[in-house]
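These numbers come from the heavy atoms of this one structure, side chains and all, not from hydrogens, waters or symmetry mates. Residue numbers count from 1 along this sequence.
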Amino acid sequence: MTQSTTEMAELIVVTWNVWFDVLEATARHTALLAEALAQKPHLICLQEVTRTLHSRMLENLEFTRDYMSVEPHDLPHFYDVSIWVHRTLTVTAVTSLPLPSCMDRRALVVDVVLSTGAVVRVQTTHLESKKPNWELRAKQLEVLLPIVKAPTIPAIVVGDFNFCSSWPEENEVIEQDLRVIDVWPALRGETAGFTEDSVVNSMMLKAKRGKHKQVRFDRILLVNPDGVAPTTVLIPASIKLLGTTPLAGKAGIFPSDHFGLVATFKVMLGSSGGGGSELVACRGASDAYSECAAGPSVANGCDLFEEVLSHTEEDALIVWVDAQLVLGRANKLFGRTYTAPPQKWESRNQSREMLQYGAFTHANRVQVVPLEPTLPPELQAVVDTLVARGVFQPEQRPMACTVNVYEIGQYLPPHVDAVAFARPFATVSLESEHHVHLGDDLAGECGQWTGGMRVLMPRRSALRLDGDAAGPTVKHALAAHPTRRISLTFRRLSAEAVEDFACDAAESAARSRERQLAKRAAKKEKRARKAESKQTPTQ
């Protein structure tokens with residue numbers, strides 16, 4: 001069987017409104033392009049590009065040696081949007097998308113193939129100017145976003161949106177769509193990230209005749225595919241501002257009245273690797289997998305099933321998990337489906353990022369909180385495989401899964417799974433192998449455990465714990481991880497727990513939905529009052 005890994009690559013995208021004004025235009029644009037090229041981007045997306053600047057770029061042999069315009073001809077408008085693609089990428093489609101506009105605004109969309117074979121869609125736009133045009137910008141977004149919501153292709157939307165992230169009206173279109181991630185707050189949190197900032201950019205302050213302005217108009221949005229087991233997803237890795245200092249030797253002159261943005265994405269590409277779906281027989285933890293002699297009370301009920309997943313299935317699951325983490329970090333998953341490591345635990349590596357479906361646990365206690373009540377199709381498919389392999393009997397079919405993402409150094413202290421979960425339960429290991437420590441005499445701290453026995457959990461294996469091995473006397477723990485690892489722990493609530501939690505869960509979910517609906521209704525009413533006040537003539 002050929003070994004397969006999930007291929008990793010980077011995609012770097014620059015977006016910048018270059019400012020069409022003639023003020024020091026040649027010097028500004030020369031500096032702007034030099035700073036953009038210094039980022040070594042795969043795509044450069046520009047707004048307010050004049051025909052003069054576009055022609056100058058097309059005639060620059062040094063620039064066009066490495067980059068090609070997706071529209072190698074005159075721009076259709078006085079100033080417009082443009083996309084330049086590095087020649088190591090292959091352009092497979094270019095679309096010019098007219099927008100409802102009083103200013104001839106449009107979007108430019110390009111599909112590119114990366115060196116890894118991954119296909120990515122990139123869209124740049126310049127939405128309607130002036131704050132009163134919020135309704136028109138909202139309509140433009142409703143035209144733009146469906147174009148990039150492909151079931152299998154990840155997409156990046158960049159440009160000058162002409163509305164700040166703090167303005168409620170147009171942002172509601174973005175916030176309500178759970179697939180759309182605003183990369184700046186996803187990576188930089190509460191950092192302002194103003195792309196028009198007259199406090200820093202004195203040239204802008206002069207252009208605004210002394211009127212201060214601080215807004216985050218320029219955005220980079222990520223839209224990952226929503227199909228089952230997507231072949232490619234993008235993971236935001238970094239984002240920063242460009243053009244925040246004046247030109248050398250030209251006091252008060254900046255590359256543009258806007259700051260640019262550069263973002264780097266990790267490209268997760270699930271490869272087949274010729275893995276197939278070969279299976280091997282079930283075997284218990286034995287000489288090849290355990291160390292440190294242990295009594296029968298430990299070994300009883302500990303069984304290892306190797307290669308329950310193919311290489312292809314593992315790759316697809318890793319891609320899917322990373323896509324869910326992106327949504328979770330941006331608060332785009334329902335309720336508490338996503339959990340970040342608590343700060344008090346993160347400081348000592350005693351935690352990990354978690355995705356929980358079907359049941360929620362905190363500090364090893366099952367709690368009733370809003371979260372996805374059923375397993376998504378990607379995890380249901382794993383359960384089907386585990387039942388077919390005999391890891392679970394049909395009547396033991398799990399209804400819940402906790403996805404744990406362990407980074408280097410993270411560990412799990414000795415514990416027994418909550419009694420609310422019926423036995424057996426099983427853990428599938430992805431991305432790397434690791435040992436689990438089992439015993440009634442485990443000791444140590446900070447991920448260094450002694451006592452009991454160690455059982456190796458290879459990649460794509462399932463470790464089932466039942467009987468004595470599942471507690472209450474025998475505990476299990478994970479040592480500090482030497483490499484990143486994903487575990488999928490499948491469990492089901494006991495009949496008693498289901499009865500106890502059913503009513504509380506239904507009531508909790510209903511209250512959460514009611515709060516969401518009330519919040520949306522309040523925003524809608526606020527917009528209606530605002531629109532009505534504008535239409536009412538002053539006396």
Side-chain angles (χ1 to χ4, degrees), residues 11-99 101 103-115 119-127 129 144 147 155-160 195 218 220 242-243 247-248 250 253-263:
L11 181 66
I12 302 174
V13 179
V14 165
T15 181
W16 211 330
N17 181 320
V18 302
W19 197 28
F20 70 93
D21 198 273
V22 297
L23 175 65
E24 295 282 359
T26 299
R28 287 192 301 103
H29 294 157
T30 299
L32 185 149
L33 291 176
E35 186 165 356
L37 290 174
Q39 313 309 313
K40 299 182 180 179
H42 297 93
L43 294 103
I44 302 174
C45 302
L46 305 175
Q47 305 86 45
E48 292 197 19
V49 180
T50 63
R51 289 172 175 165
T52 300
L53 174 59
H54 190 64
S55 297
R56 189 179 301 144
M57 293 172 69
L58 288 172
E59 294 167 0
N60 187 326
L61 297 181
E62 186 175 356
F63 183 72
T64 56
R65 178 190 62 201
D66 296 325
Y67 291 87
M68 55 185 169
S69 171
V70 300
E71 292 184 317
H73 48 69
D74 287 341
L75 299 177
H77 306 298
F78 161 63
Y79 71 71
D80 211 331
V81 294
S82 69
I83 297 179
W84 294 78
V85 180
H86 198 277
R87 292 188 180 276
T88 56
L89 277 59
T90 302
V91 176
T92 59
V94 179
T95 304
S96 178
L97 181 67
L99 299 177
S101 174
M103 302 177 179
D104 294 323
R105 299 295 164 86
R106 66 170 181 146
L108 191 57
V109 189
V110 59
D111 289 356
V112 296
V113 181
L114 311 186
S115 59
V119 179
V120 177
R121 180 165 293 165
V122 178
Q123 180 188 92
T124 190
T125 190
H126 186 193
L127 300 185
S129 304
L144 291 174
I147 301 300
I156 302 170
V157 183
V158 306
D160 178 0
T195 57
D218 303 83
I220 296 181
L242 300 176
L247 274 60
K250 291 186 178 292
I253 300 297
F254 286 71
S256 174
D257 60 341
H258 287 242
F259 298 145
L261 290 169
V262 56

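Screening residues 30-54 for salt bridge (charged side-chain N to carboxylate O under 4.0 Å, His left out) gives no qualifying pairs among residues at least two apart or on separate chains. Here salt bridge (charged side-chain N to carboxylate O under 4.0 Å, His left out) pairs that include residues 253-262, with residues two or more places apart or in two chains, number zero.
Evaluation of the ring-ring contact (aromatic ring centres under 6.0 Å, His included) rule for His54 yields Trp84 as partners, not counting sequence neighbours. Not counting sequence neighbours, the partners of Glu71 by the salt bridge (Lys or Arg N to Asp or Glu O under 4.0 Å) test are Arg106. Looking at residues two or more places apart in sequence or on another chain, you find no ring-ring contact (aromatic ring centres under 6.0 Å, His included) involving Trp19. Annotation: side chain to side chain donor-acceptor pair (under 3.5 Å) contacts of Tyr67 (sequence neighbours excluded): none. For Lys250, the salt bridge (Lys or Arg N to Asp or Glu O under 4.0 Å) partners two or more places apart in sequence, or in a different chain, are Glu24. Not counting sequence neighbours, Ser256 has no partner by the side chain to side chain donor-acceptor pair (under 3.5 Å) test. Under the side chain to side chain contact (heavy atoms under 4.5 Å, CB included) criterion, Ser115 pairs with no residue at all, not counting sequence neighbours. Residues forming a salt bridge (Lys or Arg N to Asp or Glu O under 4.0 Å) with Asp160 (at least two apart in sequence, or on another chain): none. Residues meeting the side chain to side chain contact (heavy atoms under 4.5 Å, CB included) test with Glu59, sequence neighbours left out: Ser55. Annotation: side chain to side chain contact (heavy atoms under 4.5 Å, CB included) contacts of Ala31 (sequence neighbours excluded): Leu247.
Nearest heavy atom pair, residue Asp218 against residue Leu261, reads O-CD1, 3.4 Å.
No side-chain heavy atom of Ser69 sits under 4.5 Å from any side-chain heavy atom of Met57. In this structure, the side chains of Thr195 and Asn17 stay at 4.5 Å or more apart for every pair of heavy atoms. Contact of the Thr125 side chain with the Val81 side chain is not registered, since no non-hydrogen atoms from C-beta on lie closer than 4.5 Å. The side-chain heavy atoms of Leu43 and Val110, taken from C-beta on, include a pair separated by under 4.5 Å. Taking the side chain as every heavy atom from C-beta outward, Met68 and Val91 approach each other to under 4.5 Å. No side-chain heavy atom of Tyr79 sits under 4.5 Å from any side-chain heavy atom of Val18. Side-chain atoms of Val122 and Val109, non-hydrogen and from C-beta on, never get closer than 4.5 Å to each other. Residues Leu127 and Leu144 form a side-chain contact, since some pair of their non-hydrogen atoms from C-beta on lies under 4.5 Å apart.
Judged purely by atom type and a 3.5 angstrom limit, Trp16 has no side-chain atom pairing as donor or acceptor with the backbone of Leu33.
Rounding to the nearest 0.5 angstrom, the gap separating the CZ atom in Arg121 from the OG1 atom in Thr92 is 8.5 Å. Separation of atoms NE2 (His126) and CG (Leu108) is listed at 14.5 Å; rounding is to 0.5 Å. A distance of 8.5 Å separates CZ in Arg87 from CG in Asp66, rounded to the nearest 0.5 Å.
Using a 3.5 Å distance cut-off with no hydrogens or angles, the side chains of Thr15 and Gln47 do pair a donor with an acceptor.
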